There are 2 protein chains.
Amino acid sequence: MAQPKPKPKLAGKTRIQAINEDIILAAALEVFSAFGYRGSTVDQIADRAGMSKPNLLYYFRRKDDIYRAVLEKTLADWLVPLKSLDPTGEPLSEIARYIRAKMAMSRDNPKASRLFANEMLHGAPAIGDFLSGPMKLLVDETARTIKGWIARGQIAAIDPYHLIFTIWAMTQHYADFDIQIRAVLGRNSNHFADAETTIIRLIQDGLRPRP
Amino acid sequence: MAQPKPKPKLAGKTRIQAINEDIILAAALEVFSAFGYRGSTVDQIADRAGMSKPNLLYYFRRKDDIYRAVLEKTLADWLVPLKSLDPTGEPLSEIARYIRAKMAMSRDNPKASRLFANEMLHGAPAIGDFLSGPMKLLVDETARTIKGWIARGQIAAIDPYHLIFTIWAMTQHYADFDIQIRAVLGRNSNHFADAETTIIRLIQDGLRPRP
DNA sequence: TTAATTCTTGATCAAATGGTCAATAGCGTT
DNA sequence: AACGCTATTGACCATTTGATCAAGAATTAA
């Protein structure tokens with residue numbers, strides 16, 4: 001159908017390309033999550049990536065391209081813990097699992113959380129479509145699962161959407177407002193574990209069906 | 001002790017000064033909360049304030065001065081709803097009142113919330129002292145109140161600090177992630193009211209002392 | 001009214017920053 | 001070894017932006 005070796009100009013990436021793009025995206029996540037879009041400079045990212053600015057712009061032609069690439073990559077990771085609700089499982093332990101997964105994400109990848117939060121805070125100029133598309137679908141599906149549990153009397157009646165939002169809010173808060181929490185609780189406390197316990201208890205006791 | 005009319009050069013503000021500083025701070029809140037510190041320009045603020053850039057800089061000599069002034073003013077408002085826990089009141093209704101006050105703040109003053117969130121997100125470079133000072137004191141006091149309730153068996157045992165943080169997280173989320181919530185729930189829904197109901201129910205049921 | 005003070009802004013500057021380009025170096029394939 | 005393609009960067013450019021200044025307009029106090 002095609003020539004055996006048609007000079008793969010636009011084909012797969014070079015070894016060096018793959019390596020450098022990874023390096024750049026990692027550096028970009030560091031910088032963008034710490035300073036926001038406008039607060040970050042291409043020079044900063046290039047420094048962190050250990051290469052010159054023109055070289056960085058050889059891989060991503062515009063600052064905006066870097067930002068969108070790192071956002072896209074980050075969002076993919078971000079969605080993972082949101083998919084861990086099993087409709088056929090036991091509701092309270094499923095929700096506990098959900099909270100644990102989301103909390104682990106905040107603990108292990110706070111920069112992704114902050115990048116995302118910053119984007120939201122400023123009106124989601126780059127991911128509006130994602131929010132009303134894949135994100136909305138996922139939330140709708142999760143809400144349907146919760147509605148099912150409520151209908152079967154397995155948990156107390158509650159607005160499923162706001163239940164989801166509150167869980168997101170609580171878990172992400174520990175990544176996004178890390179500074180504030182540390183200022184109050186001190187540097188060395190492992191507040192993530194305590195927070196997880198508290199949140200799970202609160203939600204479980206708040207959802208337990210009552211006669 | 002002093003002359004009757006010592007040319008009050010550094011004394012109180014002029015009428016025009018007072019007016020213009022108010023106008024500038026209002027414009028600055030708009031702009032900074034929407035675009036962040038680095039994302040905002042002095043020109044933008046001056047435009048919104050309806051005056052020339054040099055004139056604005058006549059009142060606040062540096063961009064940083066404007067930012068700090070609006071942050072300080074905003075933080076004052078911000079603290080108000082955090083003070084509405086009465087140790088002698090009925091715990092569950094006191095906490096409901098607290099949640100309502102915080103939720104009203106998010107609904108009526110989302111820009112203040114976003115300004116604050118943005119500052120947190122980027123490591124609180126301008127208000128670190130505030131966090132470990134007045135803010136920490138206030139949280140400690142509130143935690144003491146909650147501990148008292150727990151000790152007297154009026155509510156279930158729970159980490160008071162994380163209870164406070166989760167309430168903050170949930171209520172502020174509706175201001176800071178407004179875009180995301182609207183993308184999922186649609187533009188016209190009055191989600192603040194529904195969220196308030198859900199949060200209060202969740203927390204109250206989660207805190208009710210059980211035998 | 002008048003004189004001092006406060007207020008306002010057009011013009012301008014220097015630094016920061018996103019982005020380009022031409023020239024060079026490195027790598028992989030034959 | 002030699003050729004072609006990929007990778008790299010110093011130098012440079014145009015624009016944006018925080019900040020200054022001098023000169024004039026408006027306000028205030030006498």
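Protein chains get the first letters and strands the later ones, always in sequence-line order, with residue 1 at the start of each. From a predicted model like this one, the values you see are computed outputs, not experimental measurements.
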Cut-off 3.5 Å, no hydrogens considered: what does the side-chain donor-acceptor table look like for residues 108-120 of chain A, sequence neighbours left out?
{"residue": "A:Lys111", "atom": "NZ", "partner": "A:Glu30", "partner atom": "OE2", "Å": "2.9"}
{"residue": "A:Ser113", "atom": "OG", "partner": "A:Asp176", "partner atom": "OD1", "Å": "2.7"}
{"residue": "A:Arg114", "atom": "NE", "partner": "A:Ala175", "partner atom": "O", "Å": "3.1"}
{"residue": "A:Arg114", "atom": "NH2", "partner": "A:Ala175", "partner atom": "O", "Å": "3.4"}
{"residue": "A:Asn118", "atom": "OD1", "partner": "B:His122", "partner atom": "NE2", "Å": "3.4"}
{"residue": "A:Glu119", "atom": "OE1", "partner": "A:Tyr67", "partner atom": "OH", "Å": "2.6"}
{"residue": "A:Glu119", "atom": "OE2", "partner": "A:Ala126", "partner atom": "N", "Å": "2.6"}
{"residue": "A:Glu119", "atom": "OE2", "partner": "A:Ile127", "partner atom": "N", "Å": "3.4"}

Looking at [N], I'd like to know if its phosphate oxygens (OP1 or OP2) sit under 4.0 Å from a side-chain N or O belonging to [X].
X: B:Asn55; N: C:dC7; value: no
X: A:Tyr59; N: D:dT6; value: no
X: A:Ser52; N: D:dG10; value: no
X: A:Gln17; N: D:dA7; value: yes

Rounded to whole Å, how long is the line connecting atom [atom1] of [X] with atom [atom2] of [N]?
X: B:Tyr58; N: D:dA26; atom1: OH; atom2: P; result: 16 Å
X: A:Ile16; N: D:dA7; atom1: CD1; atom2: P; result: 6 Å
X: A:Ile23; N: D:dA7; atom1: CD1; atom2: P; result: 13 Å
X: A:Arg15; N: D:dT8; atom1: CZ; atom2: P; result: 10 Å
X: A:Met51; N: C:dG26; atom1: CE; atom2: C1'; result: 15 Å
X: B:Asn20; N: D:dA26; atom1: CG; atom2: P; result: 15 Å
X: B:Leu56; N: C:dG10; atom1: CG; atom2: P; result: 14 Å

Distance-only donor-acceptor hits, side chain of residues 94-101 of chain B, under 3.5 Å, sequence neighbours excluded:
{"residue": "B:Glu94", "atom": "OE1", "partner": "B:Asp86", "partner atom": "N", "Å": "2.9"}
{"residue": "B:Glu94", "atom": "OE1", "partner": "B:Arg97", "partner atom": "NH2", "Å": "3.0"}
{"residue": "B:Glu94", "atom": "OE2", "partner": "B:Arg97", "partner atom": "NH2", "Å": "3.4"}
{"residue": "B:Arg97", "atom": "NH2", "partner": "B:Ser84", "partner atom": "O", "Å": "3.2"}
{"residue": "B:Tyr98", "atom": "OH", "partner": "B:Trp168", "partner atom": "NE1", "Å": "2.9"}

All side-chain hydrogen bond (donor to acceptor under 3.5 Å, both in side chains) counterparts of B:Asp140, not counting sequence neighbours: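 Partners of B:Asp140 under the side-chain hydrogen bond (donor to acceptor under 3.5 Å, both in side chains) test: B:Lys136, B:Tyr161.
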
Which residues share a side-chain hydrogen bond (donor to acceptor under 3.5 Å, both in side chains) with A:Ser93, sequence neighbours left out: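 Checked A:Ser93 against side-chain hydrogen bond (donor to acceptor under 3.5 Å, both in side chains); matches are A:Glu90.
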
Heavy-atom protein contacts under 4.0 Å, nucleotides 18-25 of chain C, coded B base, S sugar-phosphate only, - none: BBBB----

Presence of salt bridge, B:Asp77 and B:Lys73, under 4.0 angstrom: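 Salt bridge absent between B:Lys73 and B:Asp77.
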
5′-ward residue of the pair B:Thr14/A:Gly50 relative to DNA chain D: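 Its nucleotide being nearer the 5' end, the pick is A:Gly50.
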
Pairing residues for B:Tyr174 by the ring-ring contact (aromatic ring centres under 6.0 Å, His included) criterion, not counting sequence neighbours: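 So B:Tyr174 forms a ring-ring contact (aromatic ring centres under 6.0 Å, His included) with A:His162.
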
Validation row: B:Lys53, B:Tyr58 side chains within 4.5 angstrom (heavy atoms):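 Side-chain contact under 4.5 Å: no.
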
